[in-house]
Structures are given as structure tokens and as C-alpha cells.
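All chains are named by letter (A, B, ...) in the order of the sequence lines, taking the proteins before the strands, and each is independently numbered beginning at 1.
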Amino acid sequence: MDKDGTSAMENKPSLNFLEQIIENDIKNGVNEGRVYTRFPPEPNGFLHIGHAKSICLNFGLAQKYQGKTNLRFDDTNPTKESTEYVNAIRQDVQWLGFQWEEPIWYASDYFDQLYEFAVYLIKKGKAYVCHMTAEEISKGRGTPQTPGVESPWRNRGVEENLLEFERMRTGEYKEGERVLRAKIDMASPNMWMRDPVMYRIMHAHHHRTENKWSIYPMYDWAHGQSDYIEGITHSICTLEFIPHRQLYDWFLDNLDVKGIRPKQIEFARLNLTYTIMSKRKLLQLVEQKFVNGWDDPRMPTISGLRRRGYTPASIRVFADKVGVAKRENLIDVSLLEFCVREDLNKNASRVMTVLDPVKLVIDNYPENLSEMLPAILNPEDPDSEKRMVPFSREIYIEREDFMENPPKKFFRLAPGTEVRLKYAFIIRCESVVKDSEGNITEIHCVYFPDTKSGMQTTRKVKGTLHWVSIEHALETEVRLYDRLFTVPEPENGAEGTDFRDYINPESLKVVKGYSEPHVQTSAPGQNYQFERLGYFCVDKGSSPDKL
RNA sequence: UGACCGAUGGUGUAACGGUAGCACUACAGUUUUUGGAGCUGUCUGUCCAGGUUCGAAUCCUGGUCGGUCAACCA
């Protein structure tokens, strides 16, 4: 027994490090034991599978500890952001199955408040207006090994700073002429503490505040304060923000905040083999038309995965399985693929489709007869609905399901052998017809009427084939998606990365096939697990030529 | 050459001083009214060197290796 009175032998589910931090905070009554998280995307692109991990983390943690989660758009850089992205992101979060606390927040909601905070810091002598150029500031910052030098404007008076800051706001200066800086420590070993920029001048149109502002807060100045204003307790972000944490805390300390005090916690972002996860590069793929938009089914975006046929549940399970820790990771994309397969195998409807058809004639089946045979929509689901499949004398089977000279372990159709047609009868191959070049054009079989699916029979077969009645077949275009990239990832950096060297030409194939008529009545976006093909999504919601 | 973060099989992740477990991958077998389905099994792991301890993946010291940081991006 430990101090809590619980047995050490008990099989407690293990907690990840975030859960441990939170449980610790709850135990110690930090922020009254409340858990309030937020998901704070910048609306400058579509969300991808990496964001999905963050979404599942933030919303999942709040759910687990009876807390709440805000959706906040970090829209502090008007030149890169748009309402189009805002809408796409909202849709993706909802589709994943999460509901944020209303209303949706925007960092731009706090521009006035942030301005007041900045004035407060100026009055405390903790911030100043600097006239140096971006280049001068960067140079003055020094290097990680050597201290920076102080700006000549660093020690000017409060009144002058106030006046200058006001002029920045009213738009008197051109972009780059002035900047508001926090007055911290030019010799700090942490580069982000060497008088970081809080505001820069941008004469840009903002998607929400329009032309009201000519100064915009930097991420560091906006983020922690936004967290504070919203009452966020645990501000979860990725590892590259670790050096920013000191600054995050400095701002909060110097604003003398009271009440809920947010805490920044970092975790390792998701990396996937064969998958580009950088928004900048995804934007490049879109802009340079390597793909047809952010929601192209070959993209690792949430909307791309959705169109590809991924289910929200499969992505949530994936996010859970990859775990969360502080070390850099590279998850094998096959884990993601495993998660969809597992979900779809359990839940997706089945339908028979033949992609590379060869005609098969059942010689002893009546010529003008056809019958409807009952089939299960999903054999993995005991409550599965049934569908009726038409059967007739002439059918298509997959060309690869027949071999004239089969090797030993070939259990499908060959001259003289018997197989079952799924949901139908056992047949035996009697002969084949070939064209002048020796290609098989017809396979002739006999069937055994007393072997209809569900009947008792003593005949044993080693294989079962899928098939489609020619007369009833529906011509379908089947889209097969493979991974977009065949190598792990194009070299980092390199503005001019030529994706052509990496793109898998087989990443999208449109194949003509024949399906049973059931497909016709199905809903747009319906997932099917095609027998022997894995799954694909019948995406009737968009026109095929869009791809 | 500074500061910070990290290191457990091929890939991830657990074990919180007491049997190194789980999942994915790979491979093998088995099975089947189609499998990229099911079932069974196998392979591979605590970065190194010291120390503390009855006992170390875990604690300490020192190394090594990897990552991050010098946008008026987020």
C-alpha cells in the first residue's frame, strides 16, 4: 500500500507525461485544480495529421479531466491568414469529433487588450520603441555564444516611448521603421530574452480587424496573454517553443497577472515516414499544382485523409497509439494505415468489384435466368445489413483468379478445379477460349445447383472468388491511392525543393472496374472495403475529373 | 564554442528503486465462403563509463550521440 491507500499491485493504466503533470496540478490545487486547454492554429493553411495529434491531445486531456477546450485562431500575421483557412480548420476539428467551448476565439479579439498591456509595460520601463532595422536588431542580438549589444533606444524615457508607440499605432511610420521591444537582457544565454520584438508595423488588411491596426503583436507577445485572458491552465505546444517558455513566463510575471496562471508545456510533434508535415511545403505542393488542392486525397491534411476514406475514429485511435513524449520521433506511416484498416474492416460495407475482368460462362445455367442472392454487407459485423446480389449465366471474375497452369499453392480457379463463387455456387472449370494471340477470352464452367450458398454440401473447395454479373454490372471508376512520396521526405530547407524527384507516380490511379449494382444506391463518400483490394472511398461528392 | 531538450528492439511507447511489457513493422505457421481478414508463434532493446544500493532503464557524476535556439513567422 502506498500513501494514497491504493495497492501497488493494482493495475493502474499508465499515464503519459502530460497526464502526470495535470494530475499533479490537480492534486496540488494549482489553478483551483481546473483543466482548461486550447487548440491554437494559425489560419494560414489546412490542418494536417500532425495537428490531429495536437487536437486529440488538447481536447482529450480536457475531456479526461472534466475540463474545457477553446478553439483559438492565432491570427497575428495578417499577410498569411485568411477566412478560407479559418473555415476549413473549423470543419476539420468538428469532423474529428471534437467540440470546442463556444465562442471561437481569435488572438485578434485581444488586440485592444494587448495594446493596453503593452502600454503598462512601457510605463513600468519594461518595453521601448526601437528605431533599428530588422537587420540591425538581428545583428545586435549577438550569437548564442556571445552577448548582444544594447539598442541605442533602449534607455529612452517613458513619455517618449509612449508617444512613439502611439505613433506606431496611428500609422505614422512605414513598415520596418519602428518596433516595440521588451527590455529584458541582451546578454541572456537564451536568445529569445535578448529584447524580443513585441510589435511590428504592418500596413496590411486583417481578415477580421480589417484596417483598424497598423501594428500587430508577435506570437510571443500574443500567445501567453491570450492564454491568460481565456483562463487557460495548460498551454500545450511543440518542442521548438521550449526556449520561448522563459519569455512566456516573463511577460506574465511583469504584467502582474492574477487568477488563473497558464503554464506552457511542450511535447514532440508528430513525424511520419514518407510524409511531408511542414505547412510551408504542403503549401508549395498546392501552389505548384503537384496536387489538386489542400484536400487532395494524397495529402496528409485532415481534409485529404477524409476524402481518402479515413474515418475520424481511425485518426483518433492513431493519435492515441503514437503516444506523447518529449523525444523526437518518426512514426512509421504503416501504423496510420493499420488504424484505418482496423476501423474499416470492422465498420465498412463490402461490395464485390472486378477490376481486371475476364468473362466466365456457366454453361449449365439457364440462359435467360437471373436470381438475387443474399449477401452480408459486412461479415465482421454481426448486425450487418444484407444486400441482394444478382447472379446470372455470364459473369466477370478477376483475371488473376484464373491460371491455366497453376503452381502448387494456387487455390483459385484452374482447368478442372472447383471453387466457390462468393455468396453463390461452387463451379468447375471445363475449358477456356483463347484469341489468336493466346490470350484467354472466356472461361467455361459448370455449376452445381445444390451448392448454393447456405445449402448443405459435401463438396469441399480451397478457394472462393468474387465476381460480378455482366448483365447487371455497374461500370465504376475505382480510385486507388498510394503514398504520395516514395522516399521519407525531401531534404529540409531548400526553398526550391523539386518534389518531382520524390513524388510517386503511382500515388493516384483511376481504374475502370465493374461493381455490383449496390454501389449505385450508396451515399456519397461511402467507404467500401473492396474484397481483396483493401478499402477505398466512393467519393461521389466530387466530380471524378477533379482528380 | 554557450544555453536548453532528449536517449529503452527496425519504429513508437510503458515500467516512477524490485520479473524490461504493449503496439506497429518484418518473418514463419495455420486457417478461410475471396483478405491487405482471423488465429498462433518467432526475431530484435535499456547510449557508454564509473558510483550509490541487497537490488538501477529508473538515483548521482562524467562522457558520447541526437535535436533545438541568433524572423519585424507561428
Side-chain angles (χ1 to χ4, degrees), chain A residues 8 13-16 20 40-42 44 74-77 79-81 107 130 132-135 137-148 175-181 188-194 196-202 215-216 218-220 222-223 237-246 266 268 270 273 279-280 318 320-339 341-342 344-346 350 352 375-376 379-380 397-398 401 411-412 419-424 426 451 453-454 461-467 529-535:
Chain A
S14 59
L15 302 177
N16 65 47
Q20 287 177 31
E42 182 188 13
N44 67 345
D74 222 335
D75 55 352
T76 55
N77 186 353
T79 58
K80 289 187 177 170
E81 299 151 5
C130 182
M132 295 201 292
T133 65
E135 203 179 329
I137 289 177
S138 172
K139 215 174 158 201
R141 201 133 32 208
T143 73
Q145 292 83 6
T146 59
E175 294 189 6
E177 284 185 344
R178 297 286 189 282
V179 99
L180 184 73
R181 291 228 255 169
S188 170
N190 181 348
M191 298 298 289
W192 289 100
M193 298 299 278
R194 323 246 263 224
V197 171
M198 295 168 63
Y199 277 99
R200 77 284 213 188
I201 295 168
M202 291 176 103
I215 55 172
Y216 290 91
M218 299 288 292
Y219 163 86
D220 290 288
H223 204 92
C237 63
T238 46
L239 252 29
E240 62 269 29
F241 290 99
I242 287 178
H244 297 244
R245 187 173 63 227
Q246 200 183 349
E266 311 85 10
L270 173 73
T273 56
K279 256 198 211 175
R280 210 200 78 234
F318 173 72
D320 186 57
K321 279 187 194 286
V322 296
V324 54
K326 293 192 78 159
R327 81 171 107 155
E328 305 284 345
N329 59 76
L330 181 60
I331 308 281
D332 196 322
V333 72
S334 60
L335 180 61
L336 213 213
E337 292 165 346
F338 166 81
C339 290
R341 240 185 290 128
E342 189 187 43
L344 257 19
N345 184 44
K346 221 179 314 168
R350 312 302 158 89
M352 293 192 287
I376 300 174
E380 304 285 323
I397 65 166
E398 207 68 62
D401 282 343
F411 295 134
R412 288 168 277 169
V419 293
R420 172 172 290 281
L421 294 172
K422 177 116 175 150
Y423 298 123
I426 291 177
T451 60
S453 191
V461 288
K462 290 293 261 181
T464 302
L465 305 187
H466 66 220
W467 51 273
Q529 176 104 10
F530 275 71
E531 300 298 344
R532 301 199 37 217
L533 287 174
Y535 78 93

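- For B:U44 and B:A49, the C1' atoms lie 25 Å apart once the distance is rounded to whole Å.
- For A:Arg200 and B:C73, the shortest distance from a side-chain N or O to OP1 or OP2 is below 4.0 Å.
- Using a 4.5 Å heavy-atom threshold, the side chains of A:Ile376 and A:Tyr423 count as touching.
- The CG-P distance, from A:Asn190 to B:A70, rounds to 10 Å in whole Å.
- In the set B:C24, B:A70, B:U33, B:A70 carries the atom at the smallest distance from any side-chain atom of A:Met191.
- Within 6.0 Å of the NZ atom in A:Lys326, the count of heavy atoms belonging to other residues, nucleotides or ligands exceeds 12.
- Counting to the nearest Å, the P atom of B:C73 and the CE atom of A:Met198 are 15 Å from each other.
- Straight-line distance from the CZ atom of A:Phe318 to the P atom of B:U13: 12 Å, rounded to whole Å.
- Side-chain atoms of A:Glu42 lie closest to B:C73 of the nucleotides B:U34, B:A70, B:C73.
- Residue-level contact check: A:Ala325 touches the backbone only, with heavy atoms under 4.0 Å from sugar-phosphate atoms and none from bases.
- The CG atom of A:Leu270 lies 11.5 Å from the OG1 atom of A:Thr238; values are rounded to the nearest 0.5 Å.
- A:Leu335 places its CG atom 9 Å from the C1' atom of B:U11, with the value rounded to the nearest Å.
- Close to B:A71, at under 4.0 Å from its OP1 or OP2, lies a side-chain N or O of A:Ser138.
- When all heavy atoms of A:Leu335 and A:Val322 are compared, the pair lying nearest together is CD2-CG1, 4.0 Å.
- Rounded to a whole angstrom, the distance from the C1' atom of B:U32 to that of B:A57 is 43 Å.
- Note on A:His244: a base of the nucleic acid sits closer than 4.0 angstrom, heavy atoms only.
- Among the atoms of the strands shown, only primed sugar atoms or phosphate atoms (P, OP1, OP2) are found under 4.0 Å from some heavy atom of A:Met218.
- Checked against B:U33, B:U13, B:A15, the side chain of A:Gln20 finds its nearest nucleotide in B:A15.
- Here the side chain of A:Asn329 is nearest to one of B:U13, B:A74, B:C24, namely B:U13.
- Note on A:Gly140: nothing from the nucleic acid sits closer than 4.0 angstrom, heavy atoms only.
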Quiz item: For RNA chain B, what string of dots and brackets results from 5' to 3' when Watson-Crick and G-U pairs need both distances under 3.5 Å, crossing pairs get [ ], and pairs with another strand get |?
Solution: .((((((..((((....[..)))).(((((.......)))))....(((((..]....))))))))))).....
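- Comment: A:Lys80 does not engage A:Glu42 in a salt bridge, judged by the lack of any side-chain N to carboxylate O separation of less than 4.0 angstrom.
- Listed nucleotides: B:A14, B:U1, B:U33. Nearest to the side chain of A:Ser453: B:U33.
- Taking atom C1' in both B:U64 and B:G29, one finds a spacing of 43 Å when rounded to whole Å.
- For A:Glu328 against B:G67, a side-chain-to-base donor-acceptor contact under 3.5 Å is absent.
- Spacing of P atoms, B:U31 relative to B:U19, comes out at 39 Å, to the nearest Å.
- Contact between A:Arg194 and A:Arg181 at its shortest, heavy atoms only, is O-NH1, 3.8 Å.
- Distances shorter than 4.0 Å separate none of the side-chain N or O atoms of A:Thr146 from OP1 or OP2 on B:U1.
- Contact check for A:Thr76 versus A:Tyr216: no side-chain heavy atoms found under the 4.5 Å cut-off.
- Side-chain nitrogen and oxygen atoms of A:Arg350 include none within less than 4.0 Å of the OP1 or OP2 phosphate oxygen of B:G36.
- When the nucleotides B:A3, B:U11, B:C5 are ranked by their closest atom to the side chain of A:Pro189, B:A3 comes out on top.
- To the nearest whole angstrom, the two C1' atoms, one in B:G63 and one in B:C69, are 24 Å apart.
- Side-chain atoms of A:Ile397 and A:Arg412, non-hydrogen and from C-beta on, never get closer than 4.5 Å to each other.
- Comparing B:G35, B:U68, B:G36 by their nearest atom to the side chain of A:Arg341 picks out B:G36.
- When the P atom is used for both B:G6 and B:C59, the distance is 11 Å, rounded to whole Å.
- Distances were taken from every side-chain heavy atom of A:Thr76 (C-beta onward) to each of B:U11, B:A74, B:U33; the shortest belongs to B:A74.
- Annotation: B:C5 and B:G38 have their P atoms spaced 43 Å apart (nearest Å).
- Along RNA chain B, the nucleotide nearest to A:Ile242 and the one nearest to A:Arg420 differ in position, and the one closer to the 5' end is contacted by A:Ile242.
- Residue A:Ile137 is in base contact, counting any heavy-atom pair closer than 4.0 Å across all strands shown.
- If you measure from atom CG of A:Leu330 to atom C1' of B:U25, you get 13 Å, rounded to the nearest angstrom.
- Using a 4.0 Å heavy-atom cutoff across all strands shown, A:Met132 reaches at least one base atom of the nucleic acid.
- Taking atom CG on A:Leu15 and atom P on B:G21, their separation rounds to 21 Å, with Å as the unit.
- Listed candidates were B:A70, B:A14, B:U33. Nearest to the side chain of A:Ser14 is B:A14.
- By the 30° and 60° cut-offs, the orientation of the rings of A:Phe241 relative to A:Tyr219 is tilted.
- Between the CG atom of A:Leu239 and the P atom of B:A3 there is a distance of 19 Å, given to the nearest Å.
- Between A:Ile331 atom CD1 and B:A23 atom C1' there is a gap of 11 Å when expressed in whole angstrom units.
- Rounded to whole Å, the separation between the P atoms of B:G55 and B:A15 comes to 24 Å.
- For the pair A:Lys80 and B:C73, the criterion of a side-chain N or O lying under 4.0 Å from OP1 or OP2 is not met.
- With the nearest nucleotide of RNA chain B identified for both A:Val324 and A:Val461, A:Val324 has the one nearer the 5' end.
- A distance of 11.5 Å separates CG in A:Leu465 from NZ in A:Lys422, rounded to the nearest 0.5 Å.
- As judged by a 4.0 angstrom heavy-atom cut-off over every strand, A:Gly142 is placed among the base-contacting residues.
- A:Met218 places none of its side-chain heavy atoms less than 4.5 Å from the side chain of A:Pro196.
- In this structure, of B:A74, B:U25, B:C72, it is B:A74 that holds the atom nearest to the side chain of A:Phe241.
- More than 90° away from 0 lies the glycosidic angle of B:A14, which makes this nucleotide anti.
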